[in-house]
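Predicted model, so just to flag it, every value in this text is computed and none were measured. Lettering follows sequence order; numbering is per chain, from 1.
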2 protein chains.
Amino acid sequence: MSEYTITVIKNENPKSKPASDELKFGKYFTDHMFIQDYNMEKGWHNARIIPYQPVALDPAAMIFHYGQTVFEGLKAYRTKDNEIQLFRPNKNMERLNRSNDRICIPPIDEEFAIKAIKHLVKIDSDWIPAAEGTSLYIRPFIIATEPYLGVNPSATYQFIVILSPVGAYYESGINPVKIAVENNYVRAVKGGTGEAKTAGNYASSLKAQEVVAKEGYAQVLWLDGLEKKYIEEVGSMNVFFKIDGKVITPQLNGSILEGVTRNSVIEMLKHWDIPVVERKISMQEIYNAYESGKLEEAFGSGTAAVISPIGELAWGEKKIYINNGETGELSHKLYDTLTGIQYGKVEDPFGWIVKVSN
Amino acid sequence: MSEYTITVIKNENPKSKPASDELKFGKYFTDHMFIQDYNMEKGWHNARIIPYQPVALDPAAMIFHYGQTVFEGLKAYRTKDNEIQLFRPNKNMERLNRSNDRICIPPIDEEFAIKAIKHLVKIDSDWIPAAEGTSLYIRPFIIATEPYLGVNPSATYQFIVILSPVGAYYESGINPVKIAVENNYVRAVKGGTGEAKTAGNYASSLKAQEVVAKEGYAQVLWLDGLEKKYIEEVGSMNVFFKIDGKVITPQLNGSILEGVTRNSVIEMLKHWDIPVVERKISMQEIYNAYESGKLEEAFGSGTAAVISPIGELAWGEKKIYINNGETGELSHKLYDTLTGIQYGKVEDPFGWIVKVSN
């Protein structure tokens, strides 16, 4: 990797920080941001931390027209001992480069990026809230900036990292949600961009989300785009089912995002000697398990919620009620252990924690 | 519709214009742009024509993260009598609103938008080149601007129109291209965003295009995402085949973009009493037609090229040679008539032309 050189311009006019109880998700942003430029001659260059400020782009910049962009999401946590730590940032940077490959964006230097993220988090560490369940959300993203309307990969890019202090996902403790199985809209299909963390996947999901929200559901559960039979993801999370003592999650197939929390749940279950399999799983199988009383738990996994228990699944006219609408024992244990590791309350036997303060 | 009020701020420092023979596609931009803002309280408001300038957005603006954006493409043509005219701009604005609906963007006022486009084109009319085959490309687009990282429709948007003088698509006359049938990557699937003109569809196409370009093919031909059997589009154009005297184009199915040129070709063929059908058509059927000597012509249709004849189709190991690699008679007639109408050389029996100069 290249030597770590980075320019820092401090913000002389820091903003006032929102109170812990005012925090939402992704609404407030800190005083600084990271930017790095790319062009053909220099590759990635001019890494800098500068005051948080607007990005000014030519209106013909390709990001505005052809969506050539990828992003990541991870968090910095403040421990009780006032240490700042990240959770598996290397997994996010590996995935960012896999997304880059799919969207024809030049790869970033993963080690450099982690150093830059730590540097930025350290500079804005006063922004990391301390209240239970709060954290600092980190959003790295890359945008195509060339002012050109041809449908081609851009010749220039910006890699940007912004930080947002976020409130506890569960205001009154971990709580199951109602999910609607989506039968009309499709999130992604094999050969498409479903396994990349790229803007278009999210734009395409808005309509389905809008429809089910009107019917009182928190998220949609996406089925495969080919047969609309097999389970893929729930909202923007991966999904797990506990059936007859075994945990099942859809196997990666090219259209499912490879979640860092998903991977952590699988590793943890293995560590606990709880049977876990990655395989194709149909909605019919879930319904059959429910009818035979073997569907014990269901939950989503993702960076924002960590574990999001599912209390009800609506599949067309059919309704599936899970664990009496209460959070299951395993869901609870996974949530407590994962957040425990993230906040430094529980020992990390996996080597997942990366300290920011050194 | 609302009254037409628009603020105009003239560019006091106009750029020098590129020579006609230096023009490419989407590389140069004129001196002015149109912008209109949207928020929940005011709806679309503050329509203005201002000097061409960078768009400055918060780095958390949703366009950078979730791709909530739609666009259009149309052209202004300079006739021999020095009149400026548009080709079916109402079709583009209707499609823009259909795209808006799919991507959860509030609808624009179509009539107002056409007036604004005419106004902008008139102000920058000196930029419309006069040389054979040149024109002024018009790019209306809408971007989500709310600085918020939740995956929701944005609360604010900007509707922008920029103009780009473009060279002749065919530098030495209309000329057939070699196309590769895409068997790995998928552009769109039913239930996805294929029929919307939105950024994600284009980002997802870059990889396939990159692969075939290395093998000497100009574009990919997209098959359906479900069975990879049925023909959808070619590159970013619609596609037509002439088999045994009849013209066939894939029927609109939710994953195919409804091209304005596609519609114009169908209308024109009907006007000429040439049989034309919109239906499902498989690659196998095309191959069979080729083997039995009945595949007479194939061509793409789109705003940029108008008609783009296909001389060769590579379908895995199989090669299909069409009309000895030469432009077919019908392709030529369609190209000449459509461009003839666009440039005012041929009478327009359809009412497609909208004059800018009045």
Side-chain angles (χ1 to χ4, degrees), chain A residues 24-27 29 33 52-61 63-69 71 73 101-104 137 139 141 143 147-153 160 162 164 184-193 198-207 209-210 225-226 228 235-236, chain B residues 24-27 29 33 52-61 63-69 71 73 101-104 137 139 141 143 147-153 160 162 164 184-193 198-207 209-210 225-226 228 235-236:
Chain A
K24 302 244 153 79
F25 177 80
K27 197 93 186 155
F29 299 92
M33 62 198 281
Y52 189 90
Q53 61 191 267
V55 175
L57 297 175
D58 192 292
I63 175 63
F64 294 139
H65 305 273
Y66 305 131
Q68 204 196 359
T69 176
F71 72 90
D101 182 63
R102 179 62 184 86
I103 307 297
C104 298
Y137 184 78
R139 169 57 58 91
F141 62 106
I143 52 176
Y148 173 46
L149 299 183
V151 181
N152 287 300
I160 302 177
I162 56 176
S164 173
N184 295 312
Y185 295 104
V186 169
R187 177 188 169 274
V189 70
K190 190 169 184 307
T193 58
T198 185
N201 296 341
Y202 298 80
S204 75
S205 77
L206 297 172
K207 188 79 179 180
Q209 176 65 33
E210 189 179 78
L226 299 187
K228 303 238 177 81
S236 49
Chain B
K24 303 239 153 76
F25 177 79
K27 199 92 185 155
F29 298 92
M33 62 198 280
Y52 189 90
Q53 60 190 267
V55 175
L57 297 175
D58 192 291
I63 175 64
F64 294 139
H65 304 273
Y66 306 131
Q68 203 194 1
T69 177
F71 72 91
D101 182 63
R102 179 62 183 86
I103 307 297
C104 298
Y137 184 78
R139 169 57 58 91
F141 62 107
I143 53 176
Y148 174 45
L149 299 182
V151 180
N152 287 301
I160 303 177
I162 56 176
S164 174
N184 296 311
Y185 295 104
V186 169
R187 177 186 169 275
V189 69
K190 190 170 183 306
T193 58
T198 185
N201 296 340
Y202 297 81
S204 74
S205 77
L206 296 172
K207 189 80 178 176
Q209 177 64 33
E210 189 179 78
L226 299 186
K228 301 237 178 79
S236 48

In terms of heavy-atom pairs under 4.5 Å, which option from B:D101, B:N152, B:T198 contacts chain A the most?
B:D101
Could you state the interatomic distance from OG (A:S164) to CZ (A:F29), rounded to the nearest 0.5 Å?
4.5 Å
For each of A:G225, A:S204, A:G200, A:G150, tally heavy-atom pairs with chain B at distances under 4.5 Å, and name the one with the top tally.
A:S204
Against chain B, label A:F71 side chain, backbone, both or neither, depending on which of its atoms sit under 4.5 Å from a heavy atom there.
side chain
Would you say A:R187's side chain and B:G192's backbone share a donor-acceptor pair under 3.5 angstrom?
no
Max heavy-atom pair count under 4.5 Å with chain B, selected residue of A:V189, A:I160, A:T193, A:I103
A:V189
Which portion of B:F141 sits near chain A, non-hydrogen atoms under 4.5 angstrom:
side chain
Please give me the minimum heavy-atom distance between B:D58 and B:F64, naming the atom from each residue.
O-CE1, 3.6 Å
Contacting region of B:F25 [heavy-atom separation from chain A under 4.5 Å]:
both
What residue, out of B:A61, B:P59, B:A56, has the most heavy-atom pairs lying under 4.5 Å from chain A?
B:P59
From A:L149 CG over to A:Y66 OH, what is the distance, rounded to the nearest 0.5 angstrom?
5.0 Å
Check whether A:N201 gets within reach of chain B through its side chain, its backbone, both or neither, counting any heavy atom under 4.5 Å.
neither
Residues that B:K190 engages under salt bridge (Lys or Arg N to Asp or Glu O under 4.0 Å), provided they are two or more places apart:
none
Is it the side chain or the backbone of A:I162 that comes within 4.5 Å of chain B heavy atoms, both, or neither?
side chain
Heavy atoms, side chains only, cut-off 4.5 Å: are B:Q209 and A:V151 in contact?
no
With a 4.5 angstrom heavy-atom cut-off, is it the side chain or the backbone of A:R139 that approaches chain B, or both, or neither?
side chain
Most heavy-atom pairs under 4.5 Å with chain A, out of B:K228, B:R102, B:K27, belong to B:R102
Which value, rounded to the nearest 0.5 Å, describes the distance between A:I63 atom CD1 and A:L57 atom CG?
8.5 Å
Looking at residues at least two apart in the chain, or sitting in another chain, which of them share a side-chain contact (heavy atoms from CB on, under 4.5 Å) with A:P153?
A:Q68, A:C104, A:Y157, B:L206, B:E210
Step through it carefully: locate the ring centre of B:H65, locate the ring centre of A:Y202, and say whether they are under 6.0 Å apart.
no
The interface call for A:Y148 against chain B, heavy-atom contacts under 4.5 Å, is both
Need one label for A:T69: side chain, backbone, both or neither, based on atoms under 4.5 Å from any heavy atom in chain B.
side chain
